[in-house]
Amino acid sequence: MSIIYHEQTKEFHLYNDSISYIMKVLRNGQMGQLYFGSSIPDKEDFGYFIETAHRPMTSYLFEGDLSYSLEHLKQEYPSYGTTDYREPAFEILQENGSRISDFVYKAHKIYDGKPGLKGLPAIYTEYPGEAQTLEILLEDILMGAQLILCYTIMRDYPVITRSAKIRNCSASRLTLTRAMSACLDLPDKDYEWIQLSGAWSRERQIKRRALQQGIQAIGSIRGNSSHNHNPFVALKRPSADEFQGEALGMSLVYSGNFLMQAEVDTYDVTRVLMGIHPIGFSWNLEPGEAFQTPEAVIVFSKDGLNGMSQTFHKLYRQRLARGYWRDRERPILINNWEATYFDFNEDSIVEIAKTAKKAGIEMFVLDDGWYGTRNDDRQGLGDWSANLNKLEYGIAGLSKRIEEECQMKFGLWFEPEMVNENSNLFRSHPDYRIETPGRRVSHGRNQFVLDFSRKEVVDCIYSQMESLLADARVSYIKWDMNRSITECFSSAWPAEQQGEIFHRYILGVYDLYERLTNRFPEILFESCASGGGRFDPGMLYYAPQTWTSDNSDAVERIRIQYGTSMVYPLSSMGAHVSVTPNHQMFRNTPLATRANVAYFGVFGYELDINKLSEEEQEEIKQQISFAKQYRKLIHKGTFYRLLSPFEGNLAAWIVVSDDRKDAVMGYYKILNDVICPYRRLKLRGLDAGMDYVIEGITGSYSGKELMNAGLITTDASAGQVLDGGGTCTDFWSRIYVLHGIKKEV
């Protein structure tokens with residue numbers, strides 16, 4: 001790993017064993033992009049990657065030179081208005097009304113390690129030599145501003161992280177109207193664009209299309225990263241697939257409004273921009289002030305989409321998630337929401353917990369309905385003290401009973417960013433709500449968004465939560481967020497700063513997370529936003545796992561978890577077995593299949609075990625035993641997608657241990673078929689020189705055979721079932737467990 005600066009050619013080369021990222025100070029002093037891809041040997045001059053030619057109807061920078069135009073140059077952090085007509089990375093409104101800028105190279109510094117970003121989540125390092133960082137300082141003398149471009153290359157990952165900081169060094173105000181985290185100009189458009197899109201209950205569905213001239217983009221202007229689009233895109237070569245070929249993954253470490261955009265010009269150059277969405281955004285910089293963008297993470301893979309995903313999984317699991325629970329085995333929990341909804345008392349909760357303990361479950365989580373006057377979704381939010389009509393001795397008393405009588409850990413649901421009008425908090429502080437003066441106030445789920453752009457509002461919620469948690473035995477918090485922001489306006493900020501509220505809101509959320517995780521470092525936080533509405537890297541920095549979706553139907557979860565795995569590790573996906581008929585889909589699925597999907601995440605239950613038959617309760621005990629045995633492998637092993645549920649009736653994935661001695665594979669058939677083909681599935685990630693035994697299958701098989709010839713996965717539906725045995729049904733699944741064995745000499 002190294003960052004080299006060549007003084008004579010003014011070129012920078014960031015490289016490790018896997019990748020090279022090369023850029024140059026251009027003739028006009030701005031920064032140009034030369035190359036990003038597989039590692040190449042360093043040399044003094046890569047300037048020949050810059051190609052220029054006279055193209056009519058082009059504007060040129062230098063008098064008499066009909067070849068040098070920013071419109072046809074690949075740049076690092078471009079602006080609009082000085083010969084480049086493509087969308088820019090930033091825009092600054094100046095006192096005289098101009099938006100033209102000219103940031104030219106002044107200096108740079110290269111140092112070991114990686115800086116944190118004040119108030120923002122970011123990738124971090126733990127040991128010397130893990131990363132090197134380059135900061136490039138550019139100045140616009142006329143404007144009186146500085147631009148600092150920050151690049152970090154990791155030693156052990158094919159990863160570049162990027163962010164930008166803009167500082168006002170003038171005597172007058174500057175206003176940012178756009179400040180993206182990164183721009184990547186690619187030399188061609190020969191890519192397939194992959195995004196993760198959907199809606200509540202069907203999040204992160206894989207969508208693909210070829211890049212075309214024009215703009216293709218995803219984003220959110222809801223105040224949260226959203227169920228609709230995830231702050232991630234991949235670009236892969238058309239010949240690439242899950243296992244081979246070039247793929248670029250781009251992920252934004254941010255939880256608010258975002259934009260991920262590819263603009264292909266009519267010369268087939270592709271410009272990728274990622275950062276805070278410019279709609280509704282502006283930021284005033286008074287003299288001496290600076291604005292820091294969120295961090296963008298860019299991954300290169302020459303081993304297809306699985307290679308890209310595996311880099312994200314390891315990086316986000318080990319260098320984005322933090323704290324006490326990062327590397328620990330996560331407890332198997334049961335949540336009471338679908339068992340009781342709002343209708344419970346202390347004794348009924350303890351009864352569920354006692355039965356769960358007998359099955360081997362390790363934690364009980366009390367969901368919505370325990371606080372204020374909360375008996376439905378029209379009241380109570382904002383009042384974070386126990387409803388003593390339900391819990392006579394409060395959370396402190398209930399948590400003590402769960403720990404002492406049931407010998408389980410206790411977890412608790414909060415929705416700290418919201419308020420109901422029927423609450424003591426709202427009656428005392430109606431101004432704490434986000435709303436626009438004189439306009440209708442929209443609601444969602446009968447609740448409203450608190451103004452977390454204001455420190456006093458964050459302080460108020462922190463004080464309530466800190467007081468309750470300090471007095472009780474809480475080992476886990478499920479942090480929910482059940483609506484997006486509308487009528488975005490804060491009564492605490494002047495008119496000229498209203499464009500800052502969306503971003504300041506997310507900074508307030510991060511601040512509350514930071515304070516609570518510092519105060520209670522051994523509490524396991526799980527992020528939730530009506531399920532997967534804020535499943536993003538920003539949240540993983542504070543909460544190492546996220547409730548993947550409110551839809552717990554096993555069949556839908558195959559698609560949701562498969563799509564989520566494009567960028568997020570299995571250790572971040574909350575995945576529970578719920579009751580059937582499922583409460584979202586009203587679908588009946590076998591108990592085995594519900595578990596066989598949920599194993600590949602942070603495992604738990606979303607039901608009342610007391611209502612199950614003795615046979616089902618015994619099956620749950622076996623599931624829990626299996627989950628405990630293999631959760632470390634599943635959460636920390638290498639994950640491969642094998643068959644896509646977006647492309648057929650079958651789905652499969654496998655997790656392989658680091659030493660490749662053990663593997664667990666999930667295999668799923670959505671709908672039954674009749675007289676179907678014989679089937680074999682080529683496995684991945686095994687040791688070609690090792691033999692494996694497969695639980696429930698006679699014999700041993702070499703890793704090379706299993707990967708090249710495949711594992712027979714034919715089921716009973718390949719023929720007519722005459723005796724009623726060996727049947728296969730709709731929503732059928734199977735778990736294959738493989739163990740490496742020593743070959744006899």
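Note that the structure is a prediction, hence the values are computed from the model and not measured.
- Counting only heavy atoms from C-beta outward, the side chains of K207 and F646 never approach each other to under 4.5 Å.
- Below 30°, between 30° and 60°, or above 60°: for W370 and F414 the angle between ring planes is above 60°, a perpendicular geometry.
- For the pairing with W200, the side-chain contact (heavy atoms from CB on, under 4.5 Å) check across S549, S530, S226 returns one residue only, S530.
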Show the numbers, then the answer: is there a side chain to side chain contact (heavy atoms under 4.5 Å, CB included) between E415 and Q447?
CA-CA 11 Å; E415 193 171 3; Q447 63 191 50; 2.7 Å; yes
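- Geometric assessment of R86 against the ring of Y80 yields a negative cation-pi assignment under the 6.0 Å and 45° thresholds.
- Under a 4.0 Å N-O distance rule, the pair R483/D377 does not qualify as a salt bridge.
- A donor-acceptor pair is defined here as one N or O able to donate and one able to accept, closer than 3.5 Å; such a pair exists between the side chain of Q498 and the backbone of W493.
- Annotation: side chain of W283 is not in contact with side chain of I166 (no heavy-atom distance under 4.5 Å).
- Put simply, the side chain of E606 never gets that close to the backbone of G604: no donor and acceptor are under 3.5 Å apart.
- Within the 3.5 Å criterion, the main-chain N or O of G601 finds a donor-acceptor partner in the side chain of H635.
- The minimum heavy-atom distance linking P88 with M180 is given by the pair O-CG, 4.4 Å.
- The aromatic rings of H313 and F639 are tilted relative to each other, their planes meeting at an angle between 30° and 60°.
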Could you please spell out the steps behind the side chain to side chain contact (heavy atoms under 4.5 Å, CB included) verdict for E417 and V509?
CA-CA 8 Å; E417 300 161 62; V509 173; 3.4 Å; yes
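- Counted by atom type alone, N422 and N420 present zero donor-acceptor pairs between their side chains at under 3.5 Å.
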Under the ring pair (Phe, Tyr, Trp, His ring centres under 6.0 Å) criterion, do W479 and Y542 qualify, and how do the steps go?
CA-CA 11 Å; W479 182 315; Y542 305 98; 8.7 Å; no
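- Separation of the Y254 and H503 ring centroids falls under the 6.0 Å cut-off.
- Relative ring orientation between W337 and F342 is described as perpendicular, the plane-to-plane angle rising above 60° on a 0-90° scale split at 30° and 60°.
- With a 4.5 Å cut-off on side-chain heavy atoms, Y510 and M539 count as touching.
- Under the 3.5 Å distance criterion, the side-chain polar atoms of E295 are left unmatched by any main-chain donor or acceptor of P121.
- Nearest approach of E435 to P430, heavy atoms of both residues: OE2-O, 3.9 Å.
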What verdict does the salt bridge (charged side-chain N to carboxylate O under 4.0 Å, His left out) test give for R454 and D431, after you've listed the backbone C-alpha separation in whole Å, the side-chain angles of each residue and the deciding distance to 0.1 Å?
CA-CA 11 Å; R454 299 170 60 176; D431 60 306; 3.1 Å; yes
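- Counting heavy atoms of neighbouring residues, nucleotides and ligands inside a 6.0 Å radius, atom CZ of R433 exceeds 12 of them.
- Side chain to side chain, E203 and T548 fail the donor-acceptor criterion of an N or O pair below 3.5 Å.
- Here the OH-CG distance, from Y316 to L540, works out to 8.5 Å after rounding to the nearest 0.5 Å.
- Rounded to the nearest 0.5 angstrom, Q195 CD and R208 CZ are separated by 11.5 Å.
- Interatomic distance, CD of Q213 versus CD of E263, reported as 11.0 Å (0.5 Å rounding).
- One finds the CG atom of L252 at 8.0 Å from the CD1 atom of I276 (value rounded to the nearest 0.5 Å).
- Donor-acceptor pairing under 3.5 Å is recorded for the side chains of S163 and Q292.
- Taking both residues in full, the closest heavy atoms of S282 and T175 are given as CB-CG2, 4.2 Å, listed atom of the first, atom of the second, then distance.
- With Y124 as the aromatic partner, R322 does not meet the cation-pi criteria of under 6.0 angstrom to the ring centre and within 45 degrees of the ring axis.
- Side-chain atoms of T161 and Y151, non-hydrogen and from C-beta on, never get closer than 4.5 Å to each other.
- Of all the heavy atoms in R641 and N306, the pair that sits closest is N-OD1, 3.0 Å.
- A cation-pi arrangement, defined by a distance under 6.0 Å to the six-membered ring centre and an angle within 45 degrees of its axis, is absent between R178 and F281.
- For the pair E76 and R162, the salt-bridge criterion is met [side-chain N within less than 4.0 Å of a carboxylate O].
- Within the cation-pi definition used here (under 6.0 Å to the ring centroid, within 45° of the axis), R557 qualifies as a partner of W547.
- W653 and S565 share no side-chain donor-acceptor pair at under 3.5 Å.
- Note on D368 versus R374: salt bridge recorded, some NZ/NE/NH1/NH2 to OD/OE distance being below 4.0 Å.
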Start with the C-alpha gap between S490 and Y505, add the side-chain angles, then the distance that decides, and say whether side chain to side chain contact (heavy atoms under 4.5 Å, CB included) holds.
CA-CA 10 Å; S490 172; Y505 175 89; over 6 Å; no
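- Separating the CD1 atom in I501 from the CZ atom in F489 is a distance of 8.0 Å, to the nearest 0.5 Å.
- The only option from R559, R587, R202 that meets the salt bridge (Lys or Arg N to Asp or Glu O under 4.0 Å) definition with D553 turns out to be R587.
- A 6.0 Å sphere centred on CZ of R209 holds more than 12 heavy atoms belonging to other residues, nucleotides or ligands.
- Each of N335, L333, L524 was scored for a side-chain contact (heavy atoms from CB on, under 4.5 Å) with K478, with one residue passing: N335.
- Taking the six-membered ring for Trp and thresholds of 30 and 60 degrees, Y668 and F600 have ring planes more than 60 degrees apart, a perpendicular arrangement.
- From N582, atom CG reaches atom CG of N551 across 5.5 Å, with rounding to the nearest 0.5 Å.
- You'll find the side chain of V159 reaches within 4.5 Å of the side chain of T311, heavy atoms only.
- Looking only at side-chain heavy atoms (C-beta outward), D511 and F452 stay at 4.5 Å or farther from each other.
- Closest of all the heavy-atom pairs between D480 and P416 is O-CD, 4.1 Å.
- Neither side chain, S255 nor R534, offers a donor N or O lying under 3.5 Å from an acceptor on the other.
- Taking the six-membered ring where the residue is Trp, F300 and F36 present perpendicular rings, their angle passing 60° and hence far from 30°.
- Taking both residues in full, the closest heavy atoms of A262 and W193 are given as CB-CZ3, 3.4 Å, listed atom of the first, atom of the second, then distance.
- Using modelled atom types and a 3.5 Å distance limit, the side chains of T580 and R594 yield no donor-acceptor pair.
- S309 places a side-chain N or O within 3.5 Å of a backbone atom of M566 that can act as its donor or acceptor partner.
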